[in-house]
Amino acid sequence: MSLSYCQIDPVEALEGRATRITTAMAEGESKSRFKRQKVSDATDNDRANPYLSHMFEGNDAAGGHANGYGNGQTHDSAKGGMLASFKRHASTAKMAKVAEDGPNNPFKQGHQLSERYFGILKKRRDLPVHAQRQEFLDMFQKSQILVFVGETGSGKTTQIPQFVLYDDLPQLNGKMVACTQPRRVAAMSVAQRVAQELDVTLGEEVGYSIRFEDMTSQKTILKYMTDGMLLREAMNDHNLSRYSVIILDEAHERTLATDILMGLLKEVVVRRPDLKLIIMSATLDAQKFQKYFLNAPLLAVPGRTHPVEIFYTQEPERDYVEAALRTVLQIHATEPEGDILLFLTGEEEIEDAVRKINLEADEMIREADAGPLKVYPLYGTLPPMQQQRIFDPAPPPFKKGGRPGRKCIVSTNIAETSLTIDGIVYVVDPGFSKQKVYNPRIRVESLLVSPISKASAQQRAGRAGRTRPGKCFRLYTEDAFKKELIEQSYPEILRSNLASTVLELKKLGVDDLVHFDLMDPPAPETLMRALEELNYLACLDDEGELTRLGQLASEFPLDPALAVMLISSPEFYCSNEILSLTALLSVPQLFVRPASARKRADEMKELFAHQDGDHLTMLNVYHAFKSPAAQENQKQWCHDHFLSFRALQQADNVRLQLKRIMEREELELVSTPFEDRKYYENIRRALVAGFFMQVAKKDNKIYVTVKDNQNVLLHPSTVLGQESEWVIYNEFVLTSKNYIRTVTAVKPEWLLEIGENYYDLDTFSKGEVKTALMRVRDKVRKKQLIAGGR
DNA sequence: GCTATCATA
């Protein structure tokens, strides 16, 4: 298909390109490769600026004589105040307007509304959703479930929960309104914005709840939270009884947590007729939500955006990176002022592209009198300081009245949803992103560069119209867009290993997984694999019921194998160490290896290396990080040792959270004395308790995974030598070859002893692994016999 | 001889 590409040497491809551009410019046909198609709406959004709040003092606690001002309505009574005449689910937009107009704060007894409040109120009433407030209320009051469609810029995330507050009055019966977000930053910044809009202190009437931070109190009536957080709460309160209304925002993103919540809430609304549910989504798939929720009524509100012109290539591009670079330079040479956003797939590709654009731009400046061009990379693992640079203003022209300067941001799809950059006028979309895929047959998750969906393409285009009309250059044909791109990306639940999810569902009280009503049910094989995995981990018994161990494991925000390893670790006298290791294994890569200093980075890593493997090496790193020498200036220390400060900090944070759960569940925190000969051996044995299913055995030169019989290689980043016969691994990475990464040497006797059920040799197919294990088993038996005989 | 999209508890 035309979206695929053949890899050609990019440098070679780039040569001869400068001429092409110059010719194109000279002939005035710079956009000849593109066919103008249609005008689409782009995005704008009113989302809160997290920095905004610092501009205001934001405290009105000093004021507040309660008196019945104006409209003869009230003095502030204990119940209602400004809202005294409101009845639950019987209010009108008009009534809300009167209450909003003050002068007293309807949600904060005895407080007058501030000047800032009225300033914001004016702007709020300009938002598209406000025109349909009454319509919204009519539907909300009539129906238990409502699907709400609002394009970006409609104001749905900030306004709808407030509309709900005025009509649901959760304070009257001690309940809350919840609004979920897929991302933590969004939950935080939206809560902050809405607290301002309601003229209350963040954390009081309006709060948020995310992992590591609960910014709510007894007073809270509106709570923004991550979808994962609400799911956690559901585990201990199957009816989510603290809430009278639950709003699932950004449902179209179809995160795993959102999908599970939808399935769950579909059941909860039956048990709780008093609970109302609002599903908020972008336009495209609204009907699908409606249908899933038994034809719930739908309300649609337009967004407010600037138009974006879309251009397609006439012919498919062979090499999307080369085509992307060419397009960026062409825009710079020929288009009026405005910044550029280019979407590529990963760190290396992006750094490479940044380098090349810089080179070419310099040449254009020298030879074609082009304006200055600042190029910035953007991806998730980029240090925050460098991420911040994308917000720097574009460079000014070289001389007054000269050709305009601009910035060009080369980004992963982090700029598609998570980060918005103002001032982007041109988007270049090659049509690819890295996506997670799961192969249940070999139980491997991997990342693959794949064509994006139509919905993603639209989202990307929208990024060009945030501040004014923009243009989007799609590096594929219109035909490819129409015929080859799927409508929506596959939801995460269809692309993941579901071991964690199945454990969560069990804990949520869902017994019959097969009949659990999910919007997109995963393949039966994926479910079977998950159940099998949990059974081997002894989290589920043979009947599929949650065991005591499974109950415990579900308390931890960890993959089941990691949770089981942690819970078992006191038996191996090393729970303190496994606690650290578990935290380290659940954060991003510790070791930093910049292209410019690979050798020095490797030398530094050598300092921490442990001959028995990467897990122990990571533990050494953590211990060194916590040593007095490093604590003095952690950041510098990490930098000097080519370690990721962010990852280590995060690991510290996770460790603390896990430790609290250990203490709550009365799991002992113990260590083998460091001087003890068995210090490291105990840790390696504990590893086996969680990862006995991820073992490989050396067979001649290559390794073969146990049971799945996959040929694998040790990842070159390992500290382990080639001589270890049996290894456990943390992950299977499928790139240029099959690699196993983060590996540690183990003894086969431990596998038979600690992973007893899995290592029932009758279940093994004939082969080198089985024969070797049988030999080990016989040896162990003989030893036991002799020992027993004495 | 190394290819980490983005999130989440």
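The sequence lines fix the lettering, A, B, ..., with proteins before strands; numbering per chain opens at 1. Since we're looking at a predicted model, the values are computed, not measured.
- Rounded to whole Å, the distance from CG on L382(A) to P on dC6(B) is 10 Å.
- Close to dG1(B), at under 4.0 Å from its OP1 or OP2, lies no side-chain N or O of S717(A).
- Atom-to-atom, OH of Y208(A) to P of dT8(B) comes out at 13 Å; the value is rounded to the nearest Å.
- Side-chain N/O atoms of E416(A) and S456(A) include a donor and acceptor closer than 3.5 Å.
- Applying the 3.5 Å distance criterion, the base of dC2(B) shares no donor-acceptor pair with the side chain of R598(A).
- Around atom NZ of K659(A), no more than 12 heavy atoms belonging to other residues, nucleotides or ligands sit under 6.0 Å away.
- Residue L558(A) is classed as a base contact, given a heavy-atom separation below 4.0 Å to a base.
- Side chain of I414(A), nearest nucleotide from dT5(B), dA7(B), dT8(B): dA7(B).
- When each of dA9(B), dT8(B), dT3(B) is scored by its nearest atom to the side-chain atoms of R211(A), the top-ranked nucleotide is dA9(B).
- Taking atom CG on L448(A) and atom P on dC6(B), their separation rounds to 16 Å, with Å as the unit.
- For L447(A), counting side-chain heavy atoms from C-beta on, the closest listed nucleotide (dA4(B), dT3(B), dA7(B)) is dA4(B).
- Among the nucleotides dT5(B), dC2(B), dA9(B), the one closest to any side-chain atom of P716(A) is dC2(B).
- Nucleic acid contact for P588(A): none, since no nucleic acid atom lies under 4.0 Å from a heavy atom of the residue.
- Which of dA9(B), dC2(B), dT5(B) sits closest to the side chain of K436(A) comes down to dT5(B).
- Between the H252(A) side chain and the A282(A) main chain, a donor and an acceptor come within less than 3.5 Å of each other.
- Side chain of R593(A), nearest nucleotide from dC2(B), dT5(B), dA9(B): dC2(B).
- Nearest to the side-chain atoms of T412(A) among the listed nucleotides dC6(B), dT8(B), dT3(B) stands dC6(B).
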